[in-house]
Amino acid sequence: MPTSVKPAAPPAKKLLPFMLVAFGFTWLCWLPLLLNKQFAAGIPVLPGQFYLGSFGPLLGTLISLQLPGGGGIAAWSKTAFSLAFPKRWLAIAAGLPLAYGAVAVLAHTLITGSMPDMHRFGLTSDLPPQFNIWMTSGIWMLTFGIGEESGWRGYLLPALHKRYSLFTSALLVALIWMAWHLPAFWFNESYLGMGFGIIGWAISLTYGSVVLAWICAGSRWSILPVIVWHGIFDLLTASDQAAEVMAMVCSMLVILHGVLLMRTLGRRRSQPPRL
């Protein structure tokens, strides 16, 4: 992995405001959806309110950067959205989930006896029926791509990596990332139907955090490649057709990849803040 310059990031004590805003905004957006689903509360909601909640980590980042010692949004943006990284990482970020998807399509075909309906491939009933795969991809990258990755890999991971190895930092991000998703298990159909599959989901998310930390560090802490990875992976695994086989296969491949990366990330020790 190439040597990279780590971006300025806040000390651990600065993480509390980030956490409060990231969780608070998302959970407030999702609370009416939960109440409507569980208690038929009839609370009016906005179109796409589930997707709106994805911007909690981004909002937490922007507010935290404006606090004393936060470093400022301009300085953070120069690194987080920089194009000054080896472009092979964009190919890696796009190629990996596409490879997962190819294997998942093959597995779906072998197990179910038929190919996925390519006219509906990657699409979800959570979005308007007129959306095609390109529009759906754009939504995933703009919401759970930019919305989440600005916080998890753009802000939280560099902050933790000041004290811990990259692997440990990725695991800590994964724990926080899991907790952030909790309300969705009471209203989102994809999560409601998991049952004991939640164990596999948690393991997959943990190793997904490892894979994304590896990509982010390799990209000199630009989050552009991880936004691409996150958007394509969500397109594949959150689609209606993925529920049977494809989501499980993609998750298993992420776990395998994360396991292979454990030693590599463990060697990347913490980096103290530059004076």
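Since we're looking at a predicted model, the values are computed, not measured.
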**H108 side chain to S114 backbone, donor-acceptor under 3.5 Å** = yes

**Under 3.5 Å donor-acceptor, D234 side chain and W140 backbone** = no

**Message:** Under 6.0 Å between ring centres: does that hold for F144 and F55?
**Reply:** no

**Item:** Stepwise ring-ring contact (aromatic ring centres under 6.0 Å, His included) test for W27 and W180
**Value:** CA-CA 8 Å; W27 287 14; W180 179 81; 9.1 Å; no

**Request:** Answer whether the closest heavy-atom distance between the side chains of L261 and Y207 falls below 4.5 Å.
**Result:** no

**Request:** Show your reasoning for whether side-chain hydrogen bond (donor to acceptor under 3.5 Å, both in side chains) applies to Q49 and W30.
**Result:** CA-CA 7 Å; Q49 189 154 323; W30 290 353; over 6 Å; no

**Asked** Under the side-chain hydrogen bond (donor to acceptor under 3.5 Å, both in side chains) criterion, do S219 and S222 qualify, and how do the steps go?
**Response** CA-CA 6 Å; S219 304; S222 171; over 6 Å; no

**Fill in**
Exactly one of F81, Y155, F18 clears ring-ring contact (aromatic ring centres under 6.0 Å, His included) with W76, and that residue is F81

**Message:** When you compare the side chain of Y100 with that of H257, does any pair of heavy atoms fall below 4.5 Å?
**Reply:** yes

**Item:** Between CG on residue L212 and CH2 on residue W152, distance to nearest 0.5 Å
**Value:** 12.5 Å

**Item:** Test item: H181 side-chain N/O and A184 main-chain N/O as donor-acceptor pair under 3.5 Å
**Value:** no

**Asked** Would a distance-only check, ignoring hydrogens and angles, find a side-chain to backbone donor-acceptor pair under 3.5 Å from S54 to G147?
**Response** no

**Prompt:** Between W201 and F185, does the ring centre distance come in under 6.0 Å?
**Reply:** yes

**Least distance between heavy atoms, G56 atom then T26 atom** = CA-OG1, 3.4 Å

**Request:** Show the numbers, then the answer: is there a side-chain hydrogen bond (donor to acceptor under 3.5 Å, both in side chains) between W214 and T264?
**Result:** CA-CA 9 Å; W214 170 67; T264 299; over 6 Å; no

**Message:** Is the shortest side-chain heavy-atom distance between S209 and R153 below 4.5 Å?
**Reply:** yes

**Complete:** OG1 of T168 to CG of L265, rounded to nearest 0.5 Å, is 9.5 Å

**Request:** Measure the spacing between CH2 of W221 and CZ of F85 and express it to the nearest 0.5 Å.
**Result:** 14.0 Å

**Message:** Using a 6.0 Å cut-off, check whether atom CE of M178 has over 12 heavy atoms from anything other than its own residue.
**Reply:** yes

**Prompt:** How long is the span from the CG atom in L175 to the CG atom in L205, to the nearest 0.5 Å?
**Reply:** 9.5 Å

